[in-house]
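Taking it in order: structure first as structure tokens, then the write-up.
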Amino acid sequence: MRIRPFVRHDLARLTELTIETFRPFYEDHFHPLVGDVVFANQHGDWRGDYRRQVARLHDPAQHKYVAVAEAGDAVTGYVAWSVDVARRNGTVTHLAVATGHRRSGTGTALCEHAFSDMRALGAEVVEIGTGGDPFHAPARSLYEKLGCTPLPITVYYRRL
């Protein structure tokens with residue numbers, strides 16, 4: 001596996017990977033949990049949301065970066081992060097690893113790559129978030145293995 005900087009040619013594959021990675025959460029976990037009305041209101045167009053988000057992840061002029069993991073010619077994952085230089089704070093905004101490459105060290109390597117870049121840009125702290133549901137348990141495990149401290153946060157939804 002090698003990690004390299006994002007190039008525009010990656011956009012379609014990274015968008016596809018993001019949708020593939022998070023489809024089970026939105027369709028199999030979140031939607032059944034909150035019902036049709038809340039789902040439609042909050043994430044009814046989650047695929048379109050990701051298409052728009054992923055296209056805006058890499059913008060070095062705004063201190064936003066993406067790195068891509070590859071094995072051979074195949075994209076196996078990516079990480080996106082930003083740095084608030086004034087606050088010396090970094091944020092991992094997206095992490096996606098292809099199904100066949102999970103639990104192989106790809107996520108760890110991508111996060112460590114982003115952390116290293118953040119440090120080089122002056123960040124002293126990194127923020128990385130995920131869900132507290134069963135779908136996100138592997139992400140929580142990874143982040144804790146990387147030395148991150150979880151904060152208990154609860155978000156509630158209710159149909160009005």
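Values reported hereafter were calculated over all heavy atoms of this structure, with side chains retained and with hydrogens, waters and symmetry mates removed.
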- Check against side chain to side chain contact (heavy atoms under 4.5 Å, CB included), Gln42 and Val34: CA-CA 10 Å; Gln42 293 297 304; Val34 301; over 6 Å; no
Distance check, rounded to the nearest 0.5 Å: [X] atom [atom1] versus [Y] atom [atom2]?
X      : Y      : atom1 : atom2 : value
Thr18  : Arg51  : OG1   : CZ    : 10.5 Å
Ile128 : Leu95  : CD1   : CG    : 6.0 Å
Thr108 : Arg103 : OG1   : CZ    : 9.5 Å
Met118 : Glu127 : CE    : CD    : 10.0 Å
Arg88  : Arg119 : CZ    : CZ    : 15.5 Å
Ile3   : Thr76  : CD1   : OG1   : 8.0 Å

Cluster question for you: counting only ILVMFWY and a side-chain heavy-atom cut-off of under 4.5 Å, with indirect links fine, are [X] and [Y] together?
X      : Y      : result
Leu11  : Tyr50  : no
Val85  : Val126 : yes
Leu57  : Val92  : no
Ile19  : Phe25  : yes
Phe115 : Val83  : yes

I'd like to know if the side chain of [X] and the backbone of [Y] have a donor-acceptor N/O pair within less than 3.5 Å.
X      : Y      : result
Arg102 : Val97  : yes
Ser116 : His113 : no
Ser141 : Ala137 : no

Would [X] and [Y] pass as an ion pair if we require N to O under 4.0 Å?
X      : Y      : value
Arg47  : Glu27  : yes
Arg56  : Asp59  : no
Arg140 : Asp133 : no
Arg23  : Asp28  : yes

- Message: Let's go through Lys64 and Ser82 carefully: what are the C-alpha distance in whole Å and the side-chain angles of both, what is the deciding distance for side chain to side chain contact (heavy atoms under 4.5 Å, CB included) to 0.1 Å, and is it a yes or a no?
- Response: CA-CA 4 Å; Lys64 294 163 59 174; Ser82 62; 3.9 Å; yes
Which heavy atom of [X] sits nearest to which heavy atom of [Y], and what is that distance?
X      : Y      : answer
Gly77  : Leu17  : CA-CD2, 3.7 Å
Leu14  : Val66  : CD1-CG1, 3.9 Å
Ala96  : Leu110 : O-CD1, 4.5 Å
Gly90  : Ala123 : N-CB, 3.9 Å
Gly105 : Met1   : O-CE, 4.4 Å
Pro134 : Pro138 : O-CD, 4.1 Å

- Message: Tell me which pairs pass ring pair (Phe, Tyr, Trp, His ring centres under 6.0 Å) where either residue lies in residues 138-160, with sequence neighbours left out.
- Response: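 Counting only pairs at least two positions apart or across chains, the ring pair (Phe, Tyr, Trp, His ring centres under 6.0 Å) contacts touching residues 138-160 are Phe30-Tyr157.
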- Query: More than 12 foreign heavy atoms under 6.0 Å from CZ of Arg87: is that the case here?
  - Reply: no
- His94 and Val79: side chain to side chain contact (heavy atoms under 4.5 Å, CB included), yes or no, with the steps? CA-CA 6 Å; His94 292 70; Val79 62; over 6 Å; no
- For the residue pair Trp46 and Tyr26, categorise the inter-ring angle as parallel (less than 30°), tilted (30 to 60°) or perpendicular (more than 60°). parallel
- Determine whether Thr106 and Glu70 make a side-chain contact, defined as any pair of heavy atoms from C-beta on separated by less than 4.5 Å. no
- Query: Sequence neighbours excluded, which residues qualify as ring pair (Phe, Tyr, Trp, His ring centres under 6.0 Å) partners of Tyr65?
  - Reply: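 Once residues adjacent in sequence are excluded, the partners of Tyr65 under the ring pair (Phe, Tyr, Trp, His ring centres under 6.0 Å) criterion are Trp81.
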- Task: Mind running side chain to side chain contact (heavy atoms under 4.5 Å, CB included) on His31 and His43 for me, showing each step along the way?
- Result: CA-CA 9 Å; His31 191 176; His43 296 293; over 6 Å; no
- Task: List the steps and the verdict of side chain to side chain donor-acceptor pair (under 3.5 Å) for Thr93 and Thr91.
- Result: CA-CA 6 Å; Thr93 59; Thr91 303; over 6 Å; no
- Task: List the steps and the verdict of side chain to side chain donor-acceptor pair (under 3.5 Å) for His58 and Asp10.
- Result: CA-CA 11 Å; His58 189 75; Asp10 295 321; over 6 Å; no
